[in-house]
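Here is the structure we will look at.
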Amino acid sequence: MTLIFRLLSVLILLSVPSAALAQQPLQVDIARGHLEPTPIAIPDFIDAGGTDSRGADIAGVIAADLESSGLFTTVDERAFIEDIQDFNLRPRFQDWRVINADALLIGQVTRQNDGRLLVGFRLWDTRLQEQMVGLQFVTAPENWRRVAHRVADAVYERLTGESGYFDTRVIYVSEGLGPRGEPVRRLAMMDQDGANPSFLTDRSYWSLLPNYSPSAQQITYVSFLDGQATTYVYDLESGRQEALFASGGTGLARVDPDGQSLSARFSPNGEQLAVSIELQAGHDIHLFDLRSRNLRRLTEHPADDVEPSFAPDGDRIVFSSSRSGGSQLYVMPVNGGEAQRVSFGEGRYTAPVWSPRGDLIAFVKQHNGQFSLGVVDAGGSGEERILYQGYYVDTPAWSPNGRVILFTRGDRGREGTEYEIWSVDLAGFNLRRMPISGQSSDPAWSPLIE
Amino acid sequence: MKFKLFMIAGMSAVLAACASTPPATTEAPPSEPPQTTRTDTPGTVDQGPVPGTEAHFVATAGDRVFYDLDRSTLTAAGRETLRRQADWLNAYPGTDILIAGNCDERGTREYNLALGARRANAARDYLVSLGVSPSRIQTVSYGKERPTCRESSERCWALNRNAITMISGGVTG
């Protein structure tokens with residue numbers, strides 16, 4: 001099983017010469033684009049021989065990616081007038097203007113002599129009649145979905161001005177009941193659009209709360225392999241895993257044998273983990289250096305301090321704590337020191353995750369029997385925005401560009417809460433269920449891999 | 001008194017599937033049978049569980065204590081149950097126990113893992129204060145992952161906010 005993305009070779013396609021017009025180029029407003037999604041036409045990529053209609057598959061994946069952002073709407077292919085035969089020629093723009101396609105994405109797939117696929121595309125601004133971006137990828141045939149996601153990322157990036165998030169993966173917990181009614185919690189992995197699902201752990205022990213390393217080569221998760229919650233690091237390429245703070249002889253940093261260790265998050269440079277470990281006095285935030293194996297305690301409050309998450313600059317850590325009674329969110333310097341409270345609304349705040357952009361912290365709030373997913377100003381003003389409210393919410397996970405949040409959504413079921421992973425954008429729009437069969441929770445969103 | 005308790009315990013083992021109220025040895029709010037009566041053997045039902053077994057422990061002491069919403073402090077009823085557990089454990093000093101802390105499903109996952117640990121620890125600390133050696137006690141938190149009662153209702157949530165004591169070693173018979 002190949003878990004690590006193989007590098008693709010990329011070539012920039014030169015623009016087909018065009019007559020420049022003095023007009024504003026096509027631009028998608030990422031904050032308000034959902035109000036009026038940009039129409040884009042994506043004809044099937046041209047199959048230039050021996051590719052078994054891969055061109056249609058690739059166009060389909062690109063269209064689904066762009067539509068899932070809520071910022072784009074694809075033009076129905078039955079409205080198409082021009083039948084693109086050569087993607088190196090300038091399209092007949094009038095044919096695309098009359099069907100209201102502001103953007104036109106055309107592409108071609110060729111099987112090379114060495115068996116690899118050559119995929120090229122050009123994105124056109126139909127009003128300015130200008131090429132906005134053109135790229136060419138060479139890859140193994142089985143990587144065609146990845147290439148499609150890369151094209152979608154390039155289109156998203158060119159039109160919104162922000163990096164894309166389609167060429168990514170999601171690791172999550174697949175939930176269920178075993179033959180004797182025992183709870184089953186397995187780690188599973190899939191492409192961001194739900195394709196290529198596979199299990200990472202088996203049903204013989206619980207696996208919870210995964211988090212990606214910045215390189216996407218490793219994850220941390222909470223394993224019950226040793227009988228109680230224990231922080232593990234799992235290498236995605238080799239499949240090898242190790243307990244970091246086990247009480248037995250195998251652990252690398254010895255902690256209280258009766259204490260549990262919970263979800264660990266990587267520092268932005270990937271060298272350290274922030275993790276809550278149970279000591280005699282309760283749960284405290286610790287910093288673990290992955291190279292020196294040194295474990296340092298950062299908080300010493302008798303209340304439980306849990307759920308640490310690094311700021312993207314690596315200088316601060318947000319965590320939740322019951323030190324003021326009900327659980328609230330606190331930010332402290334990464335070297336320890338005084339913690340500043342950053343949540344001030346009514347209710348119980350948990351599960352903070354710092355945005356990759358740095359300005360916001362996603363959280364879960366419980367109040368009056370309802371759960372909310374929200375974001376709060378990381379600076380401490382207390383200003384917050386609720387993105388989703390419902391019966392149950394847990395474990396927010398940011399898209400690598402900080403524009404979309406995946407989260408566990410629970411709804412009242414016959415045998416307790418039923419869990420699914422949903423996404424919502426930063427404006428609180430475009431609420432979507434992730435296409436996962438069965439119950440699922442604890443999404444971890446991989447970074448973009450170059 | 002003891003004899004009477006054994007009789008009731010025998011009945012509860014027979015009626016376990018009918019969700020009858022467990023013996024008076026379990027504290028008030030839940031109307032749910034003890035979950036861990038797995039060591040019963042057919043020949044012993046009439047006499048009650050064999051002394052020193054987990055079933056005997058459940059019947060005489062009660063295997064679980066309950067907590068208020070979002071709390072890990074012992075209730076008066078919980079302390080009462082733990083006193084009976086300590087009596088039993090002091091009477092059978094060869095046994096070891098595992099205390100599992102549990103939470104209702106109305107909380108986030110990591111928060112509940114921490115809260116469950118606090119609940120297990122509160123029960124452990126009280127048993128230790130009553131003379132049970134800490135070396136006999138292990139604790140674990142299952143957070144919200146292992147509910148006794150699966151419905152989404154206040155009744156079930158109250159049942160699932162608990163610390164359950166299980167005999168993990170040294171059982172005779």
Side-chain angles (χ1 to χ4, degrees), chain A residues 173 175 177 181-185 206 208-209 222 224 227-229 257-263 276 278 280-283 303-308 320-322 325-327 348-351 363-366 369 371 391-396 408 410-419 441-442, chain B residues 35 38 68-73 96-125 127-128 133-157 159-160 166 168-169:
Chain A
V173 173
E175 301 210 1
L177 293 177
E182 74 278 15
V184 174
R185 308 276 187 267
W206 293 344
L208 308 171
L209 299 163
V222 174
F224 273 74
Q228 73 169 342
D258 223 21
Q260 60 182 357
S261 51
L262 300 175
S263 75
S276 178
E278 183 190 9
Q280 291 291 347
H283 294 73
D304 284 327
D305 299 329
V306 294
E307 304 173 319
S320 73
S321 173
S322 304
S327 184
R348 205 160 95 187
Y349 289 75
T350 55
F363 62 81
V364 173
K365 178 160 69 170
Q366 233 179 309
F371 282 66
Y391 180 70
Y392 181 88
V393 175
D394 198 1
T395 55
T408 305
D411 286 291
R412 194 186 280 257
R414 245 168 13 107
E415 292 205 324
T417 304
E418 291 175 357
Y419 302 98
S441 59
D442 296 7
Chain B
Q35 204 193 17
R38 56 174 178 256
D68 291 336
L69 179 67
D70 201 25
R71 301 303 295 267
S72 57
T73 43
D96 295 326
I97 55 172
L98 173 66
I99 304 176
N102 294 288
C103 304
D104 66 41
E105 60 179 14
R106 303 303 288 158
T108 49
R109 180 163 265 160
E110 177 150 336
Y111 181 89
N112 275 348
L113 284 171
L115 179 59
R118 277 199 175 255
R119 287 176 174 168
N121 292 346
R124 175 198 61 197
D125 293 349
L127 289 178
V128 169
S133 165
S135 66
R136 295 170 62 193
I137 310 175
Q138 271 196 305
T139 58
V140 66
S141 172
Y142 294 135
K144 70 182 174 77
E145 314 302 326
R146 191 181 264 185
T148 305
C149 183
R150 290 207 163 273
E151 288 162 32
S152 294
S153 65
E154 293 289 350
R155 186 187 72 90
C156 273
W157 297 334
L159 284 168
N160 292 337
M166 292 164 275
S168 58

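Residue numbers start from 1 in every chain, and the chains themselves are labelled A, B, ... in the order their sequence lines are given, proteins ahead of strands. Worth knowing before you read on, the calculation uses all heavy atoms, side chains too, and leaves out hydrogens, waters and symmetry mates.
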Need one label for [X]: side chain, backbone, both or neither, based on atoms under 4.5 Å from any heavy atom in chain B.
X      : result
A:E307 : both
A:S320 : neither
A:V306 : both
A:S322 : side chain

Under a 4.5 Å heavy-atom cutoff, which of [options] has the most pairs with chain B?
options                        : value
A:S263, A:G181, A:A351, A:A229 : A:S263
A:R185, A:R348, A:H283         : A:R348
A:D394, A:L209, A:V364         : A:D394

Exercise for review: Answer with yes or no whether the side chains of A:T350 and A:S327 bring together a donor and an acceptor at under 3.5 Å.
Suggested key: no
Exercise for review: Examine the side chains of B:S168 and B:D96 and answer whether a donor and an acceptor come within less than 3.5 Å of each other.
Suggested key: no
Check your understanding: Can you tell me if A:Q260 uses its side chain to pair, donor with acceptor, with the backbone of B:L113 under 3.5 Å?
Key -> yes
Practice item. For B:N160 and B:T148, indicate whether the former's side chain and the latter's backbone hold a donor-acceptor pair under 3.5 Å. Key: yes
Exercise for review: Go through the atoms of B:R109 and report whether side chain, backbone, both or neither lie under 4.5 Å from a heavy atom of chain A.
Suggested key: both
Point to revise | Options B:S141, B:A120, B:G107, B:A100, ranked by heavy-atom pairs under 4.5 Å with chain A, top entry | key: B:G107
**Study point:** Leading residue by heavy atom contact count with chain A [cutoff under 4.5 Å; candidates B:K144, B:E151, B:E145]
**Key:** B:E145
Practice item. Measure the shortest side-chain to side-chain distance between B:D104 and B:L159 over non-hydrogen atoms and say whether it is less than 4.5 angstrom. Key: no
Check your understanding: Which residues pass the ring pair (Phe, Tyr, Trp, His ring centres under 6.0 Å) test with A:F371, sequence neighbours left out?
Key -> A:Y392
Exercise for review: Applying salt bridge (charged side-chain N to carboxylate O under 4.0 Å, His left out), name anything that partners B:E105, two or more places apart in sequence or on another chain.
Suggested key: none
